[in-house]
Undergrad: 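For reference, the structure I am asking about is given below.
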Amino acid sequence: MEKKIPQHISVIMDGNGRWAKEKGKARVFGHRNGVKAVREITEACAEVGVKYLTLYAFSTENWGRPSFEVNALMGLLVETLKAEIATLNKNNIRLKAIGDLTGLPPKTYKALLQGMEDTAANNHMTLVLALNYSSRWDITNAVRRIAEECNSGALDYSEITADTISQYLSTADIPDPELVIRSSGEQRLSNFLLWESAYSEFYFTPVYWPDFTKAHLHEAIASFQNRDRRFGKV
Ligand code: FPP
């Protein structure tokens, strides 16, 4: 029997800073090398037939980092987005973003919009960047909008179901991730896709993100394929 490839993989890319520190380099050097891993994993997912890859690129909490690092990350995003659009198009990959995008620096926001617009017609895989994202922000936002709909009479509160909530999240048109990967040995969700990961399988690896290769992705998928997913049933 052919083994099942997860339709949606989400990744908490962690360990850039520690990777750089171990090499006696600045944290930003780790982020630069993290981009190489992003490229490799995007390609690997497209090759094996994953339909959605969501990357936690910048959390709401990441604004608390030194401004030098925040600026470097935002600059790296602009640079990477501009450099990779052609490759995304060549590989028929659509770019999407989730998070409070209007809260991003204007240059980053603009590059992101341009990237999404330029790749909008692609349909082999969707690469979703979580930027200025946190799950609690998303859920809070959804609750507010649902409350507004109830207030205006467009929605009756007794008709609210779990599906209603899913529809008001920024992930509304994305299936839930079947596999969540976190690198660098940490084993937590850090406010990432909390609602969406209710039935996800988790894969934790000690590998720092810049060292994460195709082979590691294949290992994570193989681990997923050996899980017995029961969704609360027997
Ligand atoms: C976690 O490592 C990484 C981040 C917070 C940022 C991830 C960003 C990139 C890989 C670059 C830009 C991404 C794209 C999609 C172009 P950390 O800094 O928390 O590492 P540490 O835990 O070792 O300090």
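Whatever order the structure lists ligands and atoms in, that order sets their numbers, starting from 1.
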Undergrad: Within the 4.5 Å heavy-atom criterion, are Ile174 and Lys96 side-chain neighbours or not?
TA: yes
Undergrad: For ligand 1, note which part of Lys21 has a heavy atom under 4.0 Å away: side chain, backbone, both or neither.
TA: neither
Undergrad: What part of Leu81, side chain from CB on, backbone N/CA/C/O, both or neither, has a heavy atom under 4.0 Å from ligand 1?
TA: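 Neither part.
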Undergrad: Got Lys36 and Pro210 here, is their nearest side-chain heavy-atom distance under 4.5 Å?
TA: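 Heavy-atom side-chain distance check fails, nothing below 4.5 Å.
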Undergrad: Would you name the heavy atoms of Ile41 and Trp209 that are closest together and state the gap between them?
TA: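 Heavy-atom minimum between the residues: CG1-CH2, 3.8 Å.
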Undergrad: Taking only heavy atoms of Arg27, which atoms of ligand 1 are found under 4.0 Å from at least one of them?
TA: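 Matching atoms, with element in brackets: 17 (P), 18 (O), 24 (O).
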Undergrad: Quick one: which of Val38, Val35, Val11 has a heavy atom closest to atom 12 (C) of ligand 1?
TA: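 Ranked by closest heavy atom to atom 12 (C) of ligand 1, first place is Val35.
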Undergrad: Identify, by atom number and element, the atoms of ligand 1 in contact range of Leu129, meaning under 4.0 Å from any of its heavy atoms.
TA: 15 (C)
Undergrad: Does ligand 1 have a heavy atom under 4.0 Å from the side chain of Arg39, from its backbone, from both, or from neither?
TA: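 For Arg39, no heavy atom sits under 4.0 Å from ligand 1.
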Undergrad: Is there a side-chain contact between Lys3 and Asn226, using heavy atoms and a 4.5 Å cut-off?
TA: yes
Undergrad: Where does the angle between the aromatic ring planes of Phe192 and Tyr56 fall among parallel (under 30°), tilted (30 to 60°) and perpendicular (over 60°)?
TA: parallel
Undergrad: Select one of side chain, backbone, both or neither to describe which atoms of Asp14 lie under 4.0 Å from any atom of ligand 1, heavy atoms only.
TA: both
